[in-house]
Visitor: 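Handing you this structure, nothing more for now.
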Protein chains: 2
Amino acid sequence: MSPRHSAAEAARTRDRIVRAAVQDASRLGLEGLTLGTLAQRLGMSKAGLVGPFGSRDRLQMAALDQAGEVFRAAVIAPLVDLPPGPERLARLIDGWVEYLADCPFPGGCFITAASAELDGRPGPLRERLREIVAAQRRSLTEEIAAAQAELPGPHRPAEEVATVLAGLAMAANQEIQLLEDPSAPARARAAMRHAADLNT
Amino acid sequence: MSPRHSAAEAARTRDRIVRAAVQDASRLGLEGLTLGTLAQRLGMSKAGLVGPFGSRDRLQMAALDQAGEVFRAAVIAPLVDLPPGPERLARLIDGWVEYLADCPFPGGCFITAASAELDGRPGPLRERLREIVAAQRRSLTEEIAAAQAELPGPHRPAEEVATVLAGLAMAANQEIQLLEDPSAPARARAAMRHAADLNT
DNA sequence: CCTACCGATCGGTAGG
DNA sequence: CCTACCGATCGGTAGG
């Protein structure tokens, strides 16, 4: 009665493919992802990749979603037990810098790379990424506002502080990945804490 | 005695090609640049493109160098008559934000896009970009140190302020290009001035 | 999940 | 600068 390939097996295969796709796309970009190269890396045929996803476009989308989940798991999930406030924001900053310094993606922050790659390419991939980045920005702004509410004021607008923190993450990513500057993580952490008023 | 194609004509053709290559690469990335697409856009044959450059690799390198020059001409060159100090740094910030808000590249800041694309791709293109970015960072750090010397202290390390300004430029670029947020330029300008201690 | 194959496009060359 | 062409690789399909 058991089918030749169970649903669980199919899900595992799909997961293997999408994880390998994320690794490839991190180095070569989502447009650099090719079925031939990926199939070779996995010891599969191209048809074996197209099967579970239908097309390269859908595999790219699955890889983008998976990358968003990797970021969440590394930076956001560990905060789950802390209430909003200065300590939680400090932990967020520490986890973010650690994520950049010891990155789960071989080519550095996937979302930052995808943003630069896709911002000028209209289509579903760009729109999905826009939603992911906009949601991250909103939740970052909320974290900052919650911390400011417990800290002595006056404060800069939370949106402005969110832009500074997001920018510092991108600058640190460049310093780590392109410039290979070993002082980047410590400098980013100090600048992020300062921008968030956490050491005054 | 005059050759069928003068050196001046050859230089003009080369320049036309490299400018079109920068436009294409701004939208599609340096790896997305193809001889076929570029030839069609210019009404030329592929062989006509390869001639002046020798290979696609060398055309990519020429486009990267040209992009660095476009940035210099837009942001650095207008400062030539000002001595180092707070006013020159303020003008640099204004020019930088204006460059991002009304960008000479169709896909946003070329250097930022190239950084994300090339940081995981070893090779001459990556090394050239690394030199360009490192030189920009050094000159930015010098501008900041010169301004700090004329402003009441104490000051944060100039390297840290340079990281904040570079990061704010990347964040603003993302907000403009991907998020299409019309408040991005004003917020970036305020945050950059604040980071540089120019409005205290 | 495989092999075998499709038309299109890639970077590049030969010859003029 | 062109046309004509090269082998390689692209995403994807047919059939099993």
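Because the structure is a prediction, the values reported are computed rather than measured. Here is how names work: the chains are called A, B, and so on, in the same order as the sequence lines, proteins then strands, and each is numbered from 1.
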Visitor: What nucleotide, of C/dG12, D/dC1, C/dC2, holds the atom closest to the side chain of A/Ser45?
Guide: C/dC2

Visitor: When all nucleic acid strands are considered with a 4.0 Å heavy-atom cut-off, which category describes B/Gly48: base, sugar-phosphate, or nothing?
Guide: sugar-phosphate

Visitor: Taking only Lys NZ, Arg NE, NH1 and NH2, and the carboxylate oxygens of Asp or Glu, determine whether A/Asp65 and A/Arg128 approach each other closer than 4.0 Å.
Guide: yes

Visitor: Hey, could you give me the CD/CG distance between B/Glu117 and B/Leu125, rounded to the nearest 0.5 Å?
Guide: 8.0 Å

Visitor: Just verifying a value: how many Å separate B/Met192 CE and B/Trp96 CH2, rounded to the nearest 0.5 Å?
Guide: 4.5 Å

Visitor: Rounded to the nearest Å, what distance is computed from the CG atom of residue A/Leu42 to the P atom of nucleotide C/dC1?
Guide: 10 Å

Visitor: Return the value, rounded to whole Å, for the distance between atom CZ of B/Arg12 and atom C1' of D/dC1.
Guide: 15 Å

Visitor: Once side-chain contact (heavy atoms from CB on, under 4.5 Å) is applied, do any residues pair with B/Ser183, and if so which ones, sequence neighbours excluded?
Guide: B/Asp181, B/Arg187

Visitor: Please report, rounded to the nearest Å, how far the C1' atom of D/dG11 is from the CZ atom of A/Arg58.
Guide: 14 Å

Visitor: Between atom CZ in A/Arg56 and atom C1' in D/dT13, what is the gap in whole Å?
Guide: 17 Å

Visitor: Taking CG from B/Leu49 and C1' from D/dT3, how many angstroms apart are they, rounded to a whole number?
Guide: 15 Å

Visitor: For the residue pair B/Thr112 / B/Ser115, report whether a side-chain donor-acceptor contact shorter than 3.5 Å exists.
Guide: no

Visitor: Please report the distance, rounded to the nearest Å, between CZ in B/Arg14 and C1' in D/dC1.
Guide: 16 Å

Visitor: What's the spacing between A/Glu127 CD and A/Glu131 CD if we round to 0.5 Å?
Guide: 7.5 Å

Visitor: Do A/Leu118 and A/Met170 share a hydrophobic cluster (ILVMFWY, side-chain heavy atoms under 4.5 Å, transitive)?
Guide: no

Visitor: For the helix from C/dC1-D/dG16 to C/dG16-D/dC1, how many degrees between its two end axes (five pairs per end), to the nearest 10°?
Guide: 0°

Visitor: Name the orientation class of the two ring planes belonging to A/Phe105 and A/Tyr99 (parallel below 30°, tilted from 30 to 60°, perpendicular beyond 60°).
Guide: perpendicular

Visitor: Can you list, in residue-number order, the parts of residues 20-40 of chain B that come under 4.0 Å of DNA chain D, counting heavy atoms only?
Guide: none

Visitor: Closer than 4.0 Å, any side-chain N/O of B/Ser55 to the OP1 or OP2 of C/dG11?
Guide: no

Visitor: Grab the NZ-C1' distance between A/Lys46 and C/dC2 for me, whole Å please.
Guide: 13 Å

Visitor: With side chains defined as the heavy atoms from C-beta onward, is the minimum distance between B/Phe71 and B/Ile132 less than 4.5 Å?
Guide: no

Visitor: Output the single nucleotide from C/dC1, C/dT13, D/dG11 whose closest atom is nearest the side chain of A/Met44.
Guide: C/dC1

